[in-house]
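In what follows, every heavy atom counts, from backbone to side chain, and hydrogens, waters and symmetry copies are set aside. These numbers come from a predicted model, not from an experiment.
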Amino acid sequence: MNIDEKNSIKKRKLEKSPQKVQSGSLVVSTRQKGNPLLASLRNVPYTFSEEILADYQIGASTVCLFLSIAYHRLHPNYIYDRLKSITGVGSLRVLLVQVDVPDSASYLEELSRVAILSSCSLVLAWSETEAARYVEAFKIYENKPADMLQGRKDSSYLGTINRFLTSIKGVNKTDVARLRDRYGTVKAIAGASNESLSAVPGIGPKKAAKIHQTFNRPFKSLDPFR
């Protein structure tokens with residue numbers, strides 16, 4: 001019996017017996033032993049298994065593969081074989097990639113394309129700790145509704161002002177509070193000069209220039225012929 005046949009048998013077992021996955025524990029493939037990511041898994045219990053095809057079995061219908069770009073550079077065919085092995089397993093397949101090399105643009109472009117063609121969701125992390133947080137979140141929110149993942153939005157007038165002004169690079173909520181105290185309204189802030197804005201405590205010339213530019217930059221024409 002070759003490797004493909006063995007994987008096919010395992011896949012059929014997983015598809016027919018989803019109840020074998022423990023609802024309270026993350027199931028980790030023995031392939032992942034030695035992965036530094038595991039040392040950062042502190043908020044969910046996990047057990048090792050030789051039976052699962054993916055690297056992490058989040059639940060009955062969610063599986064995850066892990067790949068570091070440094071490893072991918074040395075073993076470029078590895079992820080293609082691994083993705084092939086989980087084809088049809090679960091309804092949600094995640095490719096979790098750790099970006100651990102400086103020049104990663106070409107690799108990320110390749111992996112983005114591969115993830116789309118393999119019907120996988122691509123998630124990027126820049127450290128083992130961040131990757132572990134994603135794996136934990138997948139497990140913790142396994143049976144939660146989508147709105148649990150969304151932050152609560154302050155729809156009040158002050159909340160709207162805060163969101164608008166903090167969208168300017170370098171401006172924080174403390175700056176917004178000081179601007180409100182000085183000018184009172186967004187209209188007054190928009191009409192303030194560079195010099196006036198710079199005089200607000202904590203703003204300074206750099207932030208003042210960005211705020212002033214935001215309100216005074218001309219809109220781009222939507223007419224492609226102008």
Going by the rule side-chain hydrogen bond (donor to acceptor under 3.5 Å, both in side chains), which residues pair with S29 if we only count those two or more places apart in sequence or in a different chain? R31
Side-chain touch V97/L95, heavy atoms, less than 4.5 angstrom: yes
So, do S40 and E130 sit near enough that their side-chain heavy atoms are less than 4.5 Å apart? no
Contact summary for C64 and A54, nearest pair of heavy atoms: O-CB, 3.7 Å
How long is the span from the OH atom in Y78 to the CG atom in L65, to the nearest 0.5 Å? 7.0 Å
Distance check, rounded to the nearest 0.5 Å: Q98 atom CD versus S104 atom OG? 11.5 Å
Side chain to side chain donor-acceptor pair (under 3.5 Å) partners of residues 202-212, not counting sequence neighbours, each pair once: D175-K207, H212-N216
Please name all residues satisfying side chain to side chain contact (heavy atoms under 4.5 Å, CB included) with S106, sequence neighbours left out, ordered by chain then number. none
Distance check, rounded to the nearest 0.5 Å: H75 atom NE2 versus D81 atom CG? 12.5 Å
Under 6.0 Å between the ring centres of F215 and F164? yes
Assess the residue pair D55 and L96 against the criterion (side chain to side chain contact (heavy atoms under 4.5 Å, CB included)); give the C-alpha distance rounded to whole Å, side-chain angles, the decisive distance to 0.1 Å, and a yes or no. CA-CA 10 Å; D55 294 328; L96 177 59; over 6 Å; no
Looking only at heavy atoms, what is the nearest atom pair of L92 and S121, with distance? CD1-OG, 3.8 Å
side-chain hydrogen bond (donor to acceptor under 3.5 Å, both in side chains) partners of E110, counting only residues at least two apart: H72, Y80
Let me see the working for V63 and L53 under side chain to side chain contact (heavy atoms under 4.5 Å, CB included), right down to the final yes or no. CA-CA 9 Å; V63 296; L53 294 174; over 6 Å; no
Kindly determine whether I161 and T185 satisfy side chain to side chain contact (heavy atoms under 4.5 Å, CB included), including the steps that lead there. CA-CA 9 Å; I161 293 176; T185 66; over 6 Å; no
Could you pull out all residues at least two apart from Y46 that satisfy ring-ring contact (aromatic ring centres under 6.0 Å, His included)? F48
Tell me, please, which residues at least two apart from S91 pass side chain to side chain contact (heavy atoms under 4.5 Å, CB included). S61
Treating Ile, Leu, Val, Met, Phe, Trp and Tyr as nodes and any side-chain heavy-atom pair under 4.5 angstrom as an edge, say whether I116 and V123 lie in one connected cluster. no
If we only count heavy atoms from C-beta on, is the I69 to L108 side-chain gap below 4.5 Å? yes
Mind checking salt bridge (Lys or Arg N to Asp or Glu O under 4.0 Å) for R93 and listing every partner two or more places apart, or none if nothing turns up? none
For residues L26 and F138, determine if any side-chain heavy atom of one lies less than 4.5 Å from a side-chain heavy atom of the other. no
Set of side-chain hydrogen bond (donor to acceptor under 3.5 Å, both in side chains) partners for S196, sequence neighbours left out: Y183
Is it true that, when you exclude D181 itself, more than 12 heavy atoms of the residues, nucleotides or ligands shown sit nearer than 6.0 Å to its CG? yes
Name all residues meeting the salt bridge (Lys or Arg N to Asp or Glu O under 4.0 Å) criterion together with R180; count only those two or more places apart in sequence or in a different chain, and write none if there are none. none
For I211 and L179, the nearest pair of non-hydrogen atoms, with its separation, is CD1-CD1, 3.9 Å
Those residues that, when tested against A70, pass side chain to side chain contact (heavy atoms under 4.5 Å, CB included) (two or more places apart): S68, D100, V101
Just how far is it from atom OG of S118 to atom CD1 of I79, taken to the nearest 0.5 Å? 8.5 Å
Check side-chain hydrogen bond (donor to acceptor under 3.5 Å, both in side chains) between E136 and all other residues, then give those that pass, not counting sequence neighbours. N43, R133
Value rounded to 0.5 Å, distance of CZ in R182 from CZ in R178: 11.0 Å
Which residues satisfy the side chain to side chain contact (heavy atoms under 4.5 Å, CB included) test with S112, sequence neighbours excluded? L122
Point-to-point distance, once rounded to the nearest 0.5 Å, from CD of Q32 to OH of Y56: 3.5 Å
